[in-house]
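Everything numeric here is computed off the predicted structure, so don't read it as measured data.
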Amino acid sequence: MLSEAVRLAAGILVVLLPGFSILLVTGVRERLWLAGLSAPLTTGFVLLVSLFTGVTGLRFGLLTATVALVVVLVVLGGVRWLVRRRRAATEPVEPADDPRLRTLTGRAGTVAQVLGALIAVGGVGLGVRMWHKGLGSWQTPTQEHDTVTHAVLTAFTHFTGKAAPWQVLPIDVIHDTNVQFYPPGFTDLAALVTDIFGDTMLSLNLVTVAFTVVVLPLSVAALTAAVLRHGRLGRGWVELAAGVAALVSVQLYRPGISFAHDGGVLPNAAAMTMMPGLVAVMLVIGRRNWGRAVLVGVAAAGAFNLHPSALTSVALTTVAAMIGLLFTKAGRLAFVRALLPLVLAGVVAVVLIVPDVLALLRLGNGSVVDAPANIRGTQLGASFELVARLPYGGYFDPSGTMGQLVLGLLGLAGVVAVVLSRRAWTLLTAWLFWAAVMVSFHYSPNSGFGAMIGRYYYRVANRLDTHVYLLIPVLAGVLFVAIGLFVVSVRNPIPARFRPAVAYGLIVVLLGGLTVTAFRGYMNTGALSLSQRYAAPQFVRYDASDDAAAKWLHEHAAPGETILNNANDGSTLLYVDYDLPILNIVPDGHSPIQDNITLLAMFNYYPQDAEVQSILRAKNVRWVYVDTSAPTVGTDGHHWTGKLTYSLAPGLSRLAGLPGLTKEFSSGTVSVYRLDLPQTPPRG
């Protein structure tokens, strides 16, 4: 278990340390900024390193990233020293905290801060326990289809040192050609962890868990602090609310657990966890904070590099939240002060994402698919009900009968607390926007307001609904602080000096009660959902037979000998674990390389088909990897098989007795054949 903890600690450091150290060197000390911007800034730093290595031809990897970080820290430290020397002593420096904020002072304030920190740490611990229970081990591979791409791309970056947007993902990993765009930020981070442990599947899991149970609590804690700062609350209250938000965040089914269960969309889930933190720093950025604006822009570009939809989420949520600033005089002043720094941040982000955008347009054939919604419309009343019911949905709960009702009601109670306390208008307007999007989309998924926003999320309900989920922890934090304020402020028989202690006790009792009842159930359900793709999978893509076959081929395949495979089974382990040359990496059998499709469709016709033999000779295919129990995946409706699902490639069936094809290895449902083509190809 100690080794599991050490591995996770290493993954967390890779995700947080670069951004955290850059913030410290540039003079950022506020906990709000450190919590909200460390992970996004790390992704921005990794983007810059990948661009540099892509242009110079240097190898992207842990050594390069470490050297680059040291250089960046030295340069930024020198720049800051020069700026501080030049700055006039009388120049106003914006304080980290507004002295007018209502704070808890003395022992009461210290207790509140410690209590908030303990609650947050407890939440992270519960999240780690839930994920480890669902995975069984950090090394357990997920069986989902999108993670085939993530694993191959991570291995490609680890083996080749190529990580720039225009370099990934090559469909032909043998010759590093036919490059198609896939956002590389998540897998670049995973490749850095792979450089440490040499295990791609382990690295993917460590980075995933780091984002879902560490970055997400930090991110919602930062947004809670930002919201309360505009609500004129400061020390003590902020830490208490942030701790509650952090604990509540690990209960959320979306984005982490849901995205891991339904498709394994890990980069999108990771990008979503950073959204609250990025919004938080944008809400509190002040007049003439030009340096911080640049850092925010770099961080936003890094989030885009993880998943392009992240920038839309951040932009829309920030705009919706800033509308709430207009409700008060102080808010309007903060709104005006933030505009120019945010413009600068936007310019920096746009400049840095140009390589991603160009790769997306040029290498992605310049098209954007306006996919139809993945759900049917529901009645308006039922759509409103979803905001409170928070159904699990997806493949885990197809009927939508299960849900996180307590979390939904907690969020609605937080909305009421915001309205009554009049302390978090930014949160209210952000929640109203995304709740309206959610209701509109479920009511009319292919037209209308919700569908228009949904275009940026492939019109997939769980991706769109996630925004409402991410605001629930913040609403819960505001709710619990409102309860504390009520106890402390309202006239009651409790002596004034004891009121903070009574408020803390009430908060702990309420939160503890929720944790051992509803939250415990949610975490058990979350672990069950994860186990269906990891520890006790409902379908199997990778198993011990694939491990054995990959190891055997690693020992027997000669250099230059190519392996025909069906990427929908566990054969991608050949490349991921051993850098063996496989032909296919796309799980649904689609490929921009027509020759690969021909082999998947017609390989078993090679004895009499001259074209198939010609392709096999040109590609030097000497091995064929077949797993007869490949899982079923959906297709895009325009598949070469003419079917809506795909499993075993037609060309890899009925192989017994084919001339020149000899079964050399077998384990379970996996077989490895050696191919010896006849000297003379067939006529015709």
To the nearest 0.5 Å, what is the distance between [atom1] ([X]) and [atom2] ([Y])?
X    : Y    : atom1 : atom2 : answer
N205 : Q139 : CG    : CD    : 9.0 Å
I353 : L358 : CD1   : CG    : 10.0 Å
L202 : L135 : CG    : CG    : 10.5 Å
L24  : L76  : CG    : CG    : 12.0 Å

Can you check whether [X] reaches [Y] side chain to side chain, under 4.5 Å on heavy atoms?
X    : Y    : answer
L189 : F211 : yes
V314 : M282 : yes
T42  : L17  : no
T194 : F159 : no
V214 : V15  : no
V75  : V79  : yes
H150 : P267 : yes
F156 : T187 : no

[X] and [Y]: side-chain donor and acceptor closer than 3.5 Å?
X    : Y    : result
Y457 : S313 : yes
Y182 : T149 : no
H467 : T317 : no

Does the [X] side chain pair with the main chain of [Y], one donor and one acceptor, at a distance under 3.5 Å?
X    : Y    : value
Q251 : L407 : no
W138 : E4   : yes
S258 : P255 : no
S529 : G526 : no
T426 : M322 : no

Chi angles and distances behind the side chain to side chain contact (heavy atoms under 4.5 Å, CB included) call for M274, L306
CA-CA 10 Å; M274 299 191 299; L306 247 63; 3.7 Å; yes

Run the salt bridge (charged side-chain N to carboxylate O under 4.0 Å, His left out) test on R229 and E30 for me, step by step, so that the C-alpha distance in whole Å, both residues' side-chain angles and the decisive distance to 0.1 Å come before the verdict.
CA-CA 12 Å; R229 178 179 295 185; E30 298 96 314; 5.6 Å; no

Tell me if the centroids of the rings in H307 and F259 come within less than 6.0 Å of each other.
no

Counting only heavy atoms not in Y456 (residues, nucleotides, ligands), do more than 12 fall under 6.0 Å from its OH?
no

